[in-house]
Amino acid sequence: MVKSAYIASLLAACATPAVGQLHQLAVNAGLKYFGTCLDNSHTSDAALMAIINNSAEVGQLVPENGQKWAYVQPTQNSFTYTTADVIPNLATSKNLVLRCHTLTWHSQLPNWVANGSWTKAQLQAVIEAHIANVMAHYKGKCYAWDVVNEAADDSGAWRDSVFYRVMGTDFLPISFKAAKAADANTKLYYNDYNLEYNGAKTDRVVEAVNIIKAAGAPIDGVGLQGHLIVGSTPSRANLATVLRRFTALGVEVAYTELDIRHSSVPASSSALTTQANDYANVVGSCLDVTGCVGVTVWGMSDKYSWVPSTFSGAGEALLYDSNMNKKAAWTAVSSVLAAKATGTAKPSSTTTTLVTSTKATSTTAAPATTTTASSSTGQARWGQCGGIGWTGPTTCQSPYTCQKQNDWYSQCL
Ligand code: 9MR
């Protein structure tokens with residue numbers, strides 16, 4: 001970021017002191033946004049919306065479900081946007097970055113598509129009609145579209161979807177060409193999960209990008225969903241290596257659905273600390289890689305995560321607990337963003353231990369307090385110790401001192 005823009009953003013932030021600050025810190029650290037998905041039914045939760053409506057905290061939204069095929073074209077050639085428009089309208093009214101999700105996907109796909117008896121030409125026409133209609137409806141509003149979602153299966157093979165069965169991999173470039181024709185000014189993404197482990201699935205998605213390009217179709221980005229597991233999340237350096245595999249292909253990257261779940265809940269204090277460090281490594285890897293544009297979490301609060309209903313016994317995967325209190329993971333993310341924003345980030349080859357205990361604080365306090373070591377008092381290294389709205393500790397554990405980074409952030413260094 002050029003110096004004048006940086007100073008302008010500092011002044012803007014100082015003029016309107018904010019309770020939360022993840023998006024503001026992300027922008028100051030050089031990202032385009034920090035954001036979240038939101039489902040329509042959750043907009044009636046006032047406590048959740050107090051977080052969402054803080055544009056210093058959440059600068060980007062994506063509909064968790066509303067834009068999916070089953071909602072917008074439940075029967076052939078019958079398009080309806082009542083459900084789909086709710087979150088985009090909210091994002092537009094607040095001038096937030098809008099990610100749009102998703103077009104060609106095997107799931108939440110109506111039966112008339114999934115179980116239809118198609119020739120290749122017929123299914124191509126169905127894809128093209130869907131993409132043309134949906135993207136025309138949102139033309140000019142989406143920063144990015146997830147054009148194709150989850151075309152590789154968990155083993156790294158091509159997923160056995162109706163699209164692949166009927167069209168082979170041709171549905172990939174066909175979808176991207178249709179998307180470009182519908183809206184030339186949105187970023188066209190391939191989006192998938194488990195790419196973070198750099199295994200067979202990652203290889204397959206590299207192949208997908210190459211297939212799309214070789215067919216002369218446009219692709220602008222790869223979204224790494226980031227549905228990860230506490231304690232099994234790759235290191236910051238290894239995550240950065242994966243991101244660079246994709247940016248080397250000439251596309252941007254983003255974490256598009258980040259959550260890091262505990263395999264069993266309630267999580268212990270030490271598990272919450274591990275989760276915090278896992279989050280720091282994921283967000284840190286994005287900061288380390290030119291071409292990583294932003295981070296989207298798949299929900300702000302554990303209250304509404306998709307995880308418990310899908311993985312029995314697992315949960316507590318997000319940055320705020322079910323009572324809308326910030327968790328240690330929130331502090332870790334804010335710290336790694338702030339450290340980068342102020343030029344004090346650790347080298348990417350190391351894993352930063354940001355949090356030494358997991359006490360959560362109320363959302364009404366600005367950045368959460370988290371650190372109380374048994375051997376000393378005050379914040380641990382890298383922790384926040386001051387700034388506009390800060391109500392936590394203002395001293396640091398020895399030998400670190402509280403150093404002002406900017407008006408809303410002081411850090412133990
Ligand atoms: O969070 C979404 C959940 O509410 C839906 O029931 C589910 C249906 O498949 O989709 C969830 O979101 C998914 C996203 O659209 C694509 N990547 C995986 C996400 C979690 O399943």
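Counting starts at 1 for both ligands and their atoms, in listed order. In this text, all values refer to a predicted model and were calculated from it rather than measured experimentally.
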Any side-chain donor paired with an acceptor under 3.5 Å for Ser41 and Tyr304? no

Please, which pairs that meet side-chain hydrogen bond (donor to acceptor under 3.5 Å, both in side chains) have at least one residue in residues 167-182, sequence neighbours excluded? Thr104-Ser175, Lys120-Asp170

Side chains of Gln60 and Thr296: is there a donor and an acceptor less than 3.5 Å apart? yes

Closest heavy-atom contact between Leu109 and Ala70? N-CB, 4.5 Å

Of Gln225, Lys187, His101, which meets side chain to side chain contact (heavy atoms under 4.5 Å, CB included) against Asp146? His101

Quick one, list the residues around ligand 1 where some non-hydrogen atom comes in under 4.0 Å, by chain and residue number. Glu64, Asn65, Lys68, His101, Trp105, Ser107, Gln108, Asn149, Glu150, Gln225, His227, Glu257, Trp298, Trp306

Using distance alone, with no hydrogens and no angle criterion, decide if Tyr138 and Asp85 have a side-chain donor and acceptor under 3.5 Å apart. yes

